[in-house]
Engineer: 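Structure below; questions to follow.
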Amino acid sequence: MLSQLEWHDVDTPLIICFWLTSIVVAKIIFHQSKIGHFIPESSVLITFGLFAGFMLEYFFGWDISLHPDLFFLYLLPPIALEAGYCLPFRMFFKNIGTILLYAVVGTCLNILFISGILYLFSPYYQNSIPYIDLLLFSTLISAVDPVAVLSVFEEIHVNQILYINVFGESLLNDAVVIVLYHSLAHMATIEKIESEHVQEAVGSFLTVATGGVIIGLLFVFFTAFATKFSVKIEVVQPLICLLLPYCCYLACESVHMSGIIGIVTCGLMMKPYLDGNLSEKTKTTTKVFMKTMSNTCEAIVFLFLGLSIFSKSHIWDFIFASVTVSACVLVRFVVVIPLTFLANRRRVKKIALVDQAIIAYGGLRGAICYGLVQTLDQDVILSKDMMITTTVVVIVFTVFIQGSTIAPLVKLLRVKTEEEKPQLISTHVLNGFSDDVMAGIEAVIGKRGGNYYRRRLSAFNHDILEPNLMIRPTSRGARLVEKVCEMNAEESRKMLLETFEV
Amino acid sequence: MPRFLILLLLFLFSSRADAKDSNESLLIERHNRSADAEIIQERVHVAEFKWHSTSTAFIIVFWLFLACIAKLIFNRASSLTKIFPESSLLIAVGLAIGVLLEKTQVNKSHFTLESHSFFLYLLPPIIFDAGYFMPNRAFFKNWDSILLFSVIGTLFNALAIGFSLYFLSGFIEFSHAFTTFEILQFSSLISAVDPVAVIAVFEEIHVNDFIFVNVFGEALFNDGVTVVLYELFKQFSSLEEVQVVDYIAGTASFFVVSVGGLIVGLLAAFLTAIFTKYSEHVLILAPCFILLVPYIGYLAAETLSLSPIIAIAVCGMAMKQYIKGNVSTSAANSVKYFTKMLSSSSETVIFLFLGLSTVAKYDIEWDLAFIALTILLCIVVRTIGVIFQCAFLNRFRGKTFSMVDQFILCYGGLRGAIAFGLASSISSSVPAKDMFLTATIAVIFFTVFLQGSTIRPLVNYLNVERKKTEDPTMAETVYNKYLDYIISGVEDIAGQKGHASLVHDFERLNNNILCPILMKDHAKTRDFDATKIIRAYAKLTLRDAMGVTKWQPQHKQLATIKNEELARAQKHCSCPSNIGHEANCPLGQPNMEALYNLFSHMFDKKMEEIKELREAVSIHGEEDICDDYMAQAHRKESLEPRSRPLEMFIDRGGFSRSATENDFSRSRSSKSAPQFPSAIVIHNGKEKDDHH
């Protein structure tokens, strides 16, 4: 035989590659045509998946759904890692109070209200659903997806407070939802729920979350150490930066802590140390690859979403779906406004009413909801198929309708935008200065506020952690100098290149 | 070596857990069965341990991590790596781990290298990396010798080794009898030089490009021949009787497999280039498909039974030029790093597994005579082959193979994991399979350990010309190109279609048809493609700019130029370097004070400088400015101050201004400094362009 076909040998990787490439092609086509200005990217992927799903269903009779293991072990970690790694560190910690309020209290309220509304309407559904199942469903439907909103925000440069709040909320909200989901999913298997179960669930929520944070911090040390010792072999460094956080995720999962909290913590905290240990090139490589991978993973989930729309197992319940959609939209407004009121009482920079509207309206649902609803156990939750259908409806509704209207809305409401201005050294210096002054004032009036602890932490970090974990410990001054260098290099590069063009 | 022990412990832990895992799943099954009988009071757990759900991912991550650690340790223990090549050390570590596992009786199946996963997952990154970083120019200069070595050389090797072993089996009693085709199957897999082993060893000894490209090109491209021969003899040995038709089909399949692989590779390269061309809005995904599409090419070639190695190597070589023009620098850099990273870790994993599977998987069948004869024949036949081929080539080549070159060519014929993979896929119906496998392992160990570790001293002893450590300068590249044009012109005059005119024709095709299709904003040049030079120039300027601003001691020499202005710049340079020193001490009250002092100091100096500058400008007038680009640009800038971020910067922050301004004067100084070859070279390029 001159040549032959050996399909079975290579089918798995080939199929994976094929899907990935088709995603890339879809994205390229989407961006080449001009529709990108009107609708969010995710909607295109869903549409593409829809077509592919239709084809597969029609011609081959394949029924495709996202396997939970695939989602939790391979697709979720890169997304979470990138989110943690690219979070603006300083802004995040400045607004941590508000973010936590939205993410923890807000999400819990969301879940409670949505489940309440769903329970109210339960006599009208096709088949009766127990309250615990509704609670579980409302938990997973409360996970907010930042991607669509953030891409809009980045395009029009909304003010930083709005940006960080939405970003931080959706990030931590995922973690909260996943943890709650797991404990509720466990509770759903129990026949009779007693008060001690609830207590234990709360307890497990706390252990799972703190356990995740602790393991995450542990892996920050590992990563920093490993990169410190691999300075000479640059080839290994990006690999370490990607592998160890993933290791952290897996470690968390195997001891049943929250992997997502672990990996986000790891990504967030390791960044300053990596900055000191990696060279410019490896830093870019790491960052680019995190972004590429998270982008791809997200696209895959949306693709699966589109694919599954044509699945045979859908069960339509119009009332359930419409109640869910309207509950999701309404409850978010109901929750955001009082919480912002609370937050504004303690904030110096208030969150404006318009911003609140955007925060509430920007609650798009996405990948996480879909991944979670796929992991429901069919034997325990009998109405799983209906929930999947409803989740898909909610996601499609929010992504297509809310997602494409949010950009005009932001313009219409004249949300305060941030002018893009170059990074100034003087702001950098003055920020540090004002922090020190604040800490000094707090010391003078004998109060231990946020600034005091920030200063203590940074001193601890500087005196103990950095010398051990970093190859070249940096002081604020050295960082400043580095920044000046960077800017100078950029300037000179521009000028030299300009010369050439002349 | 305490770290090493920890590593081993970690390893054992994970494998133990894995072994437990299978038990656990059994237990769970039993548990489930009994669940019907008794109602279990389940409770919400506060914490629990579940290994089974994450095991696959964990094992993959673990191996990659082990590869990292191994690299780290070898890098630290440099005395060891000076004697042995890294690959042999890795095999040794693998062996040690294998023995340990054997003793602790862990389930072996988790820790052996399946030829399936080797060919599908571990090999492609290495070959892609090899293709992507192949010195294209050197390769095409030596294409004739590479082709000869990889086709005729491999054929000769395979046939000679096979027939002599068969011949010898008449005299010596081996532990297993074999048929002609079986031994030919074995000899074809053992005769192939392995690209992975060659990269691993030759990267460390840094021989010159000429030898490297020859050995390495042979190793890459003999794959087509090896795989075809192997499959052919495999089929022959299963056939009842071999007819003439089969021989003809066999010969034809050479061409189909190699050329098919080549076409698939080119197609993949074409696709990648097209994708990257339109990827400006999805920049973040560019690295994803730069790696994906070649892999699809590999898999497609594998599916069609073409040579996947040739496909992915060709793809890497062909797409490089277009990719670099299409994606951003940071994306190109990341792809570069990521490829290197993937390939070096899969290389590490391969060698580890090679050691490991030797112990773990197979029953070793020592047949000393067979092994010794195989090794001997491998060396002798290769030597004869190389000498004859070199003698033949030297008659037609400008650059001939010297004796030393020939020796390194012979000695660098390392065998590696591909042979092992092929050997383990010999069908078990062959009675001598275990003997063949053992012999393969022995040959691999012999070449990697003995030849691999002695090649460095030999290279030193024979005084082989080393690889140039510095990159070719711009001028060198341009003159090389120039030379090519002249040669092709001479060939034209002599009425001969030679190598140079072929290259020239290809370049013309590339510029007129391929580049406009495959690259975005490609400069429409008919004969001469300047983009490379422009890119190189941009790179150089960037480096210059970085060098200037990095405040290295080197820029102090820059400032020794007589120019008055430069001297002043030098005076100011000294203050930033002060910052560097002082800022290194920990943050604290005195430090902050020092910092502020420094800034106010710089600020004062700046004011002074600006005053001086104003005077200087009014004195010097325009003439000073016109003779170089830099100052011109500078002047233009000063005409429209509002448009530049720097000016805002000056408006807002007092001290920052001093630092930046300072640097301006310095960058200006660097430009007129003599160490600025790039600008000169560009003139060369342009002139040449015109001439042509």
Side-chain angles (χ1 to χ4, degrees), chain A residues 2-4 6-7 10 13-14 17 20-21 24 27-28 31-32 73 186 197 200-201 203-204 207 229-230 232-233 235-236 238-240 243 246-247 250 253-256 281 284-285 288 291-292 295-296 422 424-426 462 475-478 481 484-485 488-489 492-493 495-496 498-499 502, chain B residues 42 44 46-51 54 57-58 61 64-65 68 71-72 75 120 252-253 256 278-279 281-282 284-285 287-289 292 295-296 299 302-305 330 333-334 337 340-341 344-345 541-542 545-546 548-549 579-580 583 586-587 595 629-630 633 645 649 652-653 656 659 663 667:
Chain A
L2 280 186
S3 130
Q4 69 212 57
E6 286 172 24
W7 166 256
V10 294
L14 199 56
C17 284
L20 286 177
T21 324
V24 171
K27 277 199 170 190
I28 288 178
H31 282 283
Q32 281 292 316
L73 288 186
H186 206 101
H197 285 130
E200 270 183 79
S204 99
T207 31
F229 285 111
S230 61
K232 277 185 202 155
I233 17 176
V235 190
V236 193
L239 194 62
I240 290 174
L243 266 187
Y246 185 53
C247 237
L250 293 177
E253 285 292 307
S254 33
V255 294
H256 218 295
K281 277 186 181 166
T284 333
T285 309
V288 168
K291 280 208 184 286
T292 308
N295 221 315
T296 319
L424 296 183
I425 297 273
S426 54
H462 190 271
S475 68
R476 229 179 328 176
V481 172
V484 174
C485 274
N488 284 337
S492 342
R493 191 181 74 97
M495 288 194 12
L496 285 163
E498 265 169 34
T499 344
V502 172
Chain B
E42 278 250 34
V44 178
V46 172
E48 61 192 295
F49 185 78
K50 46 166 192 178
W51 159 262
T54 53
F58 238 137
V61 170
L64 283 174
F65 190 57
C68 282
K71 282 242 168 215
L72 268 180
N75 191 263
L120 284 192
S253 72
V256 173
Y278 294 108
S279 71
H281 297 291
V282 277
I284 211 65
L285 282 179
C288 173
F289 54 75
L292 260 184
Y295 187 50
I296 290 185
L299 294 174
E302 178 88 46
T303 315
L304 298 168
S305 297
S330 69
N333 252 331
S334 323
Y337 264 80
K340 273 266 170 263
M341 189 172 104
S344 82
S345 44
T541 42
L542 181 64
M546 295 308 255
V548 167
T549 44
I579 304 184
L587 185 74
L595 204 67
Y629 291 124
M630 198 63 218
F649 199 176
R652 309 223 173 173
S656 58
D663 225 83
S667 59

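Excluded from the calculations below are hydrogen atoms, water molecules and symmetry mates; all remaining heavy atoms, backbone and side chain alike, are included.
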Engineer: Could you state the interatomic distance from CD1 (A:I240) to CE (B:M341), rounded to the nearest 0.5 Å?
Structural biologist: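 Result: 10.0 Å between the selected atoms.
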
Engineer: Nearest 0.5 Å, please: how far is CG in B:L299 from CG in A:L14?
Structural biologist: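 A:L14 atom CG to B:L299 atom CG measures 5.0 Å (nearest 0.5 Å).
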
Engineer: What distance do B:L292 atom CG and A:C17 atom SG have between them, rounded to the nearest 0.5 Å?
Structural biologist: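 So the CG of B:L292 and the SG of A:C17 are separated by 5.0 Å.
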
Engineer: Give the minimum heavy-atom separation between B:L72 and A:F229, together with the two atoms involved.
Structural biologist: CD2-O, 3.2 Å

Engineer: Could you pull out the closest heavy-atom pair between A:L243 and B:F65, with the gap in Å?
Structural biologist: CD1-N, 3.7 Å

Engineer: Tell me, do B:Y295 and A:P13 make a side-chain contact under 4.5 Å, heavy atoms counted?
Structural biologist: yes

Engineer: Measure the CD1-OH distance between A:I28 and B:Y278 for me, rounded to the nearest 0.5 Å.
Structural biologist: 10.0 Å

Engineer: Can you name the side chain to side chain donor-acceptor pair (under 3.5 Å) partners of B:Y337, sequence neighbours left out?
Structural biologist: A:E234

Engineer: Hey, does B:N333 have a side-chain heavy atom less than 4.5 Å from the side chain of A:T284?
Structural biologist: no

Engineer: Let me confirm one number: the NZ-OG distance from A:K291 to B:S334, rounded to the nearest 0.5 Å.
Structural biologist: 12.0 Å

Engineer: Distance check, rounded to the nearest 0.5 Å: B:S345 atom OG versus A:L239 atom CG?
Structural biologist: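 Atom-to-atom, B:S345:OG and A:L239:CG are 5.0 Å apart.
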
